[in-house]
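Notes follow the structure.
Chain letters run A, B, ... following the sequence lines, proteins first and then strands; every chain starts at 1.
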Amino acid sequence: MPAPAEAGRAPGPPDGGWGWVVVFGAFISIGFAYAFPKGLAIFFKEIQDFFGASYSEIAWVSSIVLATTYGAGPISSILVNRYGSRPVVMFGGLLCGVGMISAAFCTSILQLYICVGFITGFGLALNLQPSVIIIGKYFLKKRPIANGLAMAGSPVMLCTLAPLNQFLFDNFGWRGSFLILGAILLNCCVAGALFRPIGPGTALVKTQVTEEGKDALKGKITTDGPMENKTEEEGEKDCFEKVNQYLDFSLFRHRGFLIYLIGNVLMFLGFFAPIVFLAPYAKHTGIDDYSAASLLSILAIVDMVARPTTGIVANSRWVRPRIQYFFSFAIAFNGACHLLCPLASSYTGLIVYSSFFGLAFGMVCAMLFETLMDLVGAARFTSAIGLVTIAECCTILLGPPIGGIIVDTFGDYKYMFIKCGAVMVLAGTFLFIMNYYNYRMLAKEEKERKAKEEDPNSLRTENEGKKNWNKDSTQDGPELEPLREKGEGLKKEMNGTNEV
Amino acid sequence: MRLANILAWLDDTNGATLAHLDLQCYSANPAMTTQDSNQTQVNSVTKMQPGHDSSGPDAATQELKPASKQNTNISEYEIVLPGVSEKNISLANPTKVELTCKLDENSNLKNPQVTWKKGSETISHTSKTQNSWTIELPHFYLCKGLEGINDHFLSFIEVGFVQQKYFVIKFGDPLAEVPVISLAGIQGLAVTEPDPRALPIIDGREKPIISYEGDIAVMVCTTVYNPKAWAWYMTNGTELVSIDKMLPVDKFRIKSPSVSINRLEVVKLTREDCGVYWCEAAFELGPSKSRFELRVLSIAAPLKPFVAVVAEVAILLTTIVLYEVYSKRKAKGQKTTRFKTVEVEIITKL
């Protein structure tokens, strides 16, 4: 092996060191993105009284924040593709802060929609996606753990924000609270500052490209990579390619991505509704307000513990290659919990349900992005997450209102739980079956690719001829870096079933 | 003989009744008790949520007489002898109560002398048939004990027997003396404390409302009943000053989006506006108050934590940037030495 080549070789993700600091930053950032909209609910009654608005007018604020956070996903992805995670998160934190500070001076509901809804929501979107993306850049071997830890930010922040918001509200009223919350949201800038851009020097990598096969390395080159390679190999940029530079729409031809998209969009129909209706259901069965609220606390605490634990489990030797199955199992488990919920009518039963629900919820959330990274690879993950969040946006917003309509129509909460459970079991089963198929297809493609590798000439022609399909098969598939022998030198993405 | 058949008519101003009231009393005459006990009907007091109609499919309502007035609900309560029974009944609306002594058909008494007494005072019957003697309680209502006390109306009726001989009706005005009535043949009176909870509750805010100088403060009072009138008061020292009467229009605004909601808006807040405010809703049964506390903060108050947090953010950012610059310089120093080593390696290998 030529020494200069090794010295200049693209290093893999560090899997440690500064990576853990990045995980901490992502913890804060993701925590704010998920927990902040939920924490705002404390202020709504007062604001409703202040402006003389109806409950539904105030509820729109929450919906707008949620819709913007998820709907602005593609924009977030485009910006990260262009500028990297760090500037985007810092700008996002600044936007959130500005949004809430200006909300403190609002004089009408409409202004609240804009300041809290759009501006802060957009800022949170710019926080959420890049944080998840940068974890994929810093970790490979320990990525599930890193993801689990970072996603644990959501319940921890929620448990912190809820009493903090109450305290601020009792002492400063809603205007003062918004002002101070704006300052607190500026901490997202601090979290963003920790996101040191990573990636090897692209100049050194280019020399390797011609020697060792371009397709394999595409997966590991940083944001510039896909664009550079396209210009080199094709020598032309048509409109489609230009758009793909910013947002990789070719993902829609990616088998794994489509499976993930369909499965998740289905799952989100029944994901959030049970949380929204847990407390009202508890009160409906005769439990008092305080105990009903403590059910949600139990859920949050179990969730907090479940996420990192799931990360550790998912990282283990037995689960990592089959992580898609684990994810499908988690979703189906979630669904099973909901289906069994109507059987729990006593307070003890509901506590048991809350604990299991917290566990299942944490499991799914911890692996939500990990599985996507696993399917599409770190490079295309940036675009993938943008496209996935905007698709999920619709079902996330539809889920609780549909649940509400079911509750109102039947007058009974159990049908809502049955609906959520059924949808999630269906989603889990779908993902399980389709991923089984996907794993087999990937194994087949990997075998074909290995056979062709013996002959490097045919490899080159194949690349130029069937560029897109090769990109699909070689760049994707579950990454099993830890299981490959190090001696190969090339970092390829492997199909897990080959090894196991 | 049946001692009393109390029927209550309720003024159905908003359909709210709090209880059914059906009293049928029997004589303390021991000869009659065994016979009558077969016919006793003991009705349980049904407490209903206000706002609902008083129609309930229980035994009590079977005794309802068709109302002669429009929009009236009749509730009946029954008290049965022998046996100690006490009934607590709360009413949300002014109540006309009639006490009727009914002579049971199977009674052996002929032409009994029936007098209704309140204390030692005899009340004349308002209507009389061959077997029943009726008085109307409003007579008592406007009786001396209650007259002139802030138009407080009957809050509740409690009818009970104490030691089989006492027939008690309690009036629930917290401020008034509690008059009672007794029936002929019954001696003794029992007086109990009225229930202040009988007045309708209106919702206010327990925690203080916080607002800022120059801003608006809004206090919203809601109730499930429909009050007749709303009034707002401010505590000035120890006395209550009516805001309605003062009403400098540029300072206080009172709005009523619906009958059961009332809003007081205080604009252009200053420090002097701090204090306790009262919202009073006048019901037919009486006024009900709810308390608000207003605290006016200066704009500087939240600025202190705000500046503190911003300073913390700035400090952290600077630290991170500095650390990064420092570690980059260190790395650069190391990198140049590493490349030199590699070059040496290549040369030696070649």
**Item:** B:Y212 (side chain) donor-acceptor with A:G173 (main chain) under 3.5 angstrom
**Value:** no
**Prompt:** Between A:R175 (side chain) and B:I210 (backbone), is there a donor-acceptor pair under 3.5 Å?
**Reply:** no
**Side chain, backbone, both or neither of B:V220 within contact of chain A (heavy atoms, under 4.5 Å)** = side chain
**Prompt:** chain A heavy atoms under 4.5 Å from B:T319: which part of the residue, side chain, backbone, both or neither?
**Reply:** neither
**Prompt:** Taking only residues two or more places apart in sequence or in another chain, which ones pass salt bridge (charged side-chain N to carboxylate O under 4.0 Å, His left out) with B:E312?
**Reply:** none
**Item:** Among the listed options A:L179, A:I184, A:L186, the residue most often paired with chain B at heavy-atom distances under 4.5 Å
**Value:** A:L179
**Prompt:** Which residue out of A:F169, A:F50, A:F51 racks up the most heavy-atom pairs below 4.5 Å with chain B?
**Reply:** A:F50
**Item:** Part of residues 268-277 of chain B lying next to chain A, heavy-atom separation under 4.5 Å
**Value:** none
**Prompt:** Relative to chain A, which of B:V309, B:V313, B:V218 shows the most heavy atom pairs under 4.5 Å?
**Reply:** B:V313
**Request:** Look at B:L317, B:V307, B:I299, B:V310 and state which one has the largest set of heavy-atom pairs under 4.5 Å with chain A.
**Result:** B:L317
**Asked** A:A193 and B:E324: which non-hydrogen atoms are nearest, and at how many Å?
**Response** O-OE1, 4.2 Å
**Fill in**
Cut-off 4.5 Å, heavy atoms of chain B, and the answer for A:W174 is neither
**Asked** Using non-hydrogen atoms only, which part of A:I101 is less than 4.5 Å away from chain B: side chain, backbone, both, or neither?
**Response** side chain
**Message:** If the threshold is 4.0 Å, N to carboxylate O, is there a salt bridge linking A:E46 and B:K207?
**Reply:** no
**Request:** Any chance you could measure B:R295, atom CZ, to A:N171, atom CG, to the nearest 0.5 Å?
**Result:** 6.5 Å
**Asked** Does some side-chain heavy atom of A:F172 sit less than 4.5 Å from a side-chain heavy atom of B:P305?
**Response** yes
